[in-house]
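Only a predicted model underlies this, so the values are computations on that prediction, with no experimental measurement involved.
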Amino acid sequence: MAHDYLIIGAGPAGLQLAAHLERDGRDYAVLERGSGPGTFFTRYPRHRTLISINKVHTGYSDPEKRLRMDWNSILSDDPALLFTRYSDRYFPAADDLVRYLADYAAATGVRVHYDTEAVRISRDDDGFTVVDQNGQQWQAARLVMTTGVSQLHVPPIPGIEHVERYDTFDTDPASFTDQRVLVIGKGNSGFETADSLVEHAAVVHLAGPHSVKLAWQTHYVGHLRAVNNNFLDTYQLKSENAVLDGTIELIEPRPGGGFRIRFRYARTVEKLRELEYDRIIACTGFRFDASVFDESCRPALVIDDRFPEQTPAFESTTVPGLYFAGTVTQQRDFKKSTSGFIHGFRYGVRALHRILAARHHDTPWPSTELAPSPEAITDALVARVNRSSALWQQFAVIGDVVTVSGGSARYEEEVPVAYLADGGLGPAEHRFVATLEYGPDHDTVDPFDISIPRVAENDAANAHDASYLHPVVRYYRDGTLAGTHHLAENLENTWDLPEVHQQPLVVFVKECLAGA
């Protein structure tokens with residue numbers, strides 16, 4: 001059976017893209033190997049608590065602003081399809097997300113074929129052919145992979161095949177009672193695992209080659225979150241636990257049970273040491289599984305072959321017509337923004353839908369007409385930066401665009417800035433792009449160190465040096481960057497003070513349009 005689109009995977013990204021296609025009456029099908037949507041979340045995280053926040057009580061009545069604090073809802077035209085209706089917990093249970101995704105699929109009427117696993121994908125001049133586990137063939141002109149990072153990333157450590165793995169180990173803490181345990185990996189899964197063991201294990205060590213990075217400093221939510229960092233307390237307060245910075249060079253099973261490792265420290269005089277453990281767990285992250293593709297359409301992989309390489313339109317750089325949505329799109333903003341997470345990639349999914357509509361259905365990016373005056377442009381930009389959830393969540397990655405040409409102006413919302421830079425919206429004489437961004441060195445400064453000087457709140461004159469999240473408006477003349485304006489940061493994230501935010505922006509827009 002042939003379709004315009006085949007979507008592989010019925011997780012959050014696959015369901016949302018299917019809902020957009022369903023609403024527009026497109027010809028598509030979704031193939032899901034599980035018996036229901038969101039299969040990944042029936043197993044992960046292993047300790048069953050999400051670290052994506054679910055702030056139900058925000059003080060906002062505007063549903064768009066409420067989405068700034070809701071990291072689990074996916075987008076739809078139904079205001080009732082919100083995850084915040086499923087749990088009051090700030091860090092909710094993974095099972096609640098599974099239940100929400102099942103209800104989303106039912107409410108939107110998306111066409112998902114469950115228990116259908118894609119086992120081989122090929123491509124010819126007519127498009128893609130997907131063969132499922134029963135030998136049935138599915139054809140489509142375009143293929144969208146939304147399968148996430150489903151394969152455990154196993155680093156090349158000699159002997160690592162002998163250790164337990166995050167995806168399969170027994171999570172019952174009692175099974176580790178009085179044991180010495182090594183956890184390989186210093187990300188959230190590693191700390192989540194270590195934290196679960198501190199009440200039973202005699203000793204817990206976490207090891208990895210890189211320094212621990214804290215999300216509250218880097219603003220990258222994939223770095224170590226505060227909800228998982230209690231283990232650092234047990235380390236620094238001498239409770240028999242430790243975080244080891246360095247490289248494991250060898251893992252050897254001991255004849256009587258347990259393991260001996262050869263560990264090379266990263267920063268001490270003592271460079272090499274042998275350590276012994278009763279159990280070792282690899283919590284080393286996940287990667288995209290490209291094994292399903294044959295040679296006719298195997299996409300190029302990057303970042304240690306963990307993610308498919310993508311164009312600004314979320315298309316494979318080497319396989320035309322092969323698109324990606326969901327957590328794998330973090331390849332575009334790896335460890336810088338939020339495309340690896342629901343609250344980020346949901347806007348990427350909507351952008352991909354608009355890109356596909358423009359490329360294949362003669363549907364231009366949605367826009368509204370705007371008076372071409374500096375005051376009207378400023379009012380529109382200020383209103384959006386104060387309300388938009390997309391700009392808030394996808395900082396520096398998605399922006400709003402005002403195009404001025406031929407005596408008229410139009411406003412286009414939620415455009416990936418890389419897609420715009422790649423010519424996705426076509427040429428224009430005047431173009432303003434508004435994003436929300438942190439300062440360039442925001443991840444190198446301790447935000448709690450009051451001895452470090454920082455720009456004052458609502459300081460319009462020095463807004464360009466602001467380190468906290470704030471609006472940035474860039475002006476492009478004939479596609480070339482010709483000016484940048486920063487709006488002053490504000491404690492309440494409200495950027496609409498007439499003399500501080502609006503009037504300086506009016507002056508900037510006026511000068512740009514006048515060619516100053």
Side-chain angles (χ1 to χ4, degrees), residues 12-13 16-17 20 52 63-71 73-76 146 219-222 310-315 323-359 364-368 380-403 410-426 428 431-440 442 469-476 481 484-487 493 495:
Q16 184 187 315
L17 181 58
H20 293 324
S52 47
E64 180 71 10
K65 294 192 77 170
R66 289 175 65 86
L67 276 172
R68 291 181 170 188
M69 309 302 157
D70 171 3
W71 289 14
S73 293
I74 50 178
L75 307 179
S76 77
T146 69
H219 302 111
Y220 172 64
V221 300
Q310 297 154 58
T311 71
F314 309 108
E315 186 177 20
Y323 293 88
F324 303 93
T327 189
V328 294
T329 59
Q330 66 183 284
Q331 183 270 318
R332 297 285 317 164
D333 58 2
F334 189 58
K335 295 189 177 182
K336 294 179 180 178
S337 194
T338 60
S339 292
F341 313 90
I342 292 175
H343 66 292
F345 69 60
R346 63 191 178 193
Y347 303 101
V349 171
R350 183 153 65 187
L352 172 61
H353 173 254
R354 291 170 174 171
I355 290 168
L356 295 173
R359 285 185 168 187
W365 201 279
S367 65
T368 55
L381 289 173
V382 167
R384 278 284 295 168
V385 298
N386 279 281
R387 179 172 185 258
S388 167
S389 63
L391 272 60
W392 175 273
Q393 304 288 26
Q394 280 279 55
F395 52 90
V397 171
I398 282 181
D400 277 9
V401 180
V402 177
T403 302
R410 68 179 185 274
Y411 198 110
E412 290 152 315
E413 298 180 359
E414 300 179 20
V415 183
V417 293
Y419 176 73
L420 175 68
D422 199 43
L425 296 185
R431 193 163 260 154
F432 298 90
V433 182
T435 54
L436 292 180
E437 299 179 21
Y438 293 95
H442 66 93
L469 193 71
H470 63 283
V472 180
V473 179
R474 292 180 173 85
Y475 168 64
Y476 296 85
L481 180 64
T484 302
H485 178 78
H486 293 254
L487 277 70
N493 302 306
W495 306 286

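- Under the side-chain hydrogen bond (donor to acceptor under 3.5 Å, both in side chains) criterion, Ser389 pairs with Glu64, Tyr347, sequence neighbours left out.
- Remark: Ala357 pairs with Arg26, Thr363 by the side chain to side chain contact (heavy atoms under 4.5 Å, CB included) rule, at least two apart or across chains.
- Shown here are the side-chain hydrogen bond (donor to acceptor under 3.5 Å, both in side chains) partners of Tyr411, two or more places apart in sequence or in another chain: Asp400.
- For the side-chain hydrogen bond (donor to acceptor under 3.5 Å, both in side chains) test, residues two or more places apart in sequence or in another chain that qualify with Glu412 are Arg410.
- For Arg354, there are no salt bridge (Lys or Arg N to Asp or Glu O under 4.0 Å) partners two or more places apart in sequence or in a different chain.
- Take Tyr323 and apply the ring-ring contact (aromatic ring centres under 6.0 Å, His included) test, not counting sequence neighbours, and it matches no residue.
- For His486, the side-chain hydrogen bond (donor to acceptor under 3.5 Å, both in side chains) partners at least two apart in sequence or on another chain are His470.
- Listed by chain and residue number, Glu414 satisfy the salt bridge (Lys or Arg N to Asp or Glu O under 4.0 Å) test with Arg350 (two or more places apart in sequence, or in another chain).
- Scored by the ring-ring contact (aromatic ring centres under 6.0 Å, His included) test, His485 finds Phe508 as partners (sequence neighbours excluded).
- Applying the salt bridge (Lys or Arg N to Asp or Glu O under 4.0 Å) test to every pair with at least one member in residues 324-347, sequence neighbours left out, gives no pairs at all.
- Arg68 pairs by the salt bridge (Lys or Arg N to Asp or Glu O under 4.0 Å) definition with nothing, not counting sequence neighbours.
- Partners of Tyr476 according to the ring-ring contact (aromatic ring centres under 6.0 Å, His included) rule, which considers only residues two or more places apart in sequence or in another chain, do not exist here.
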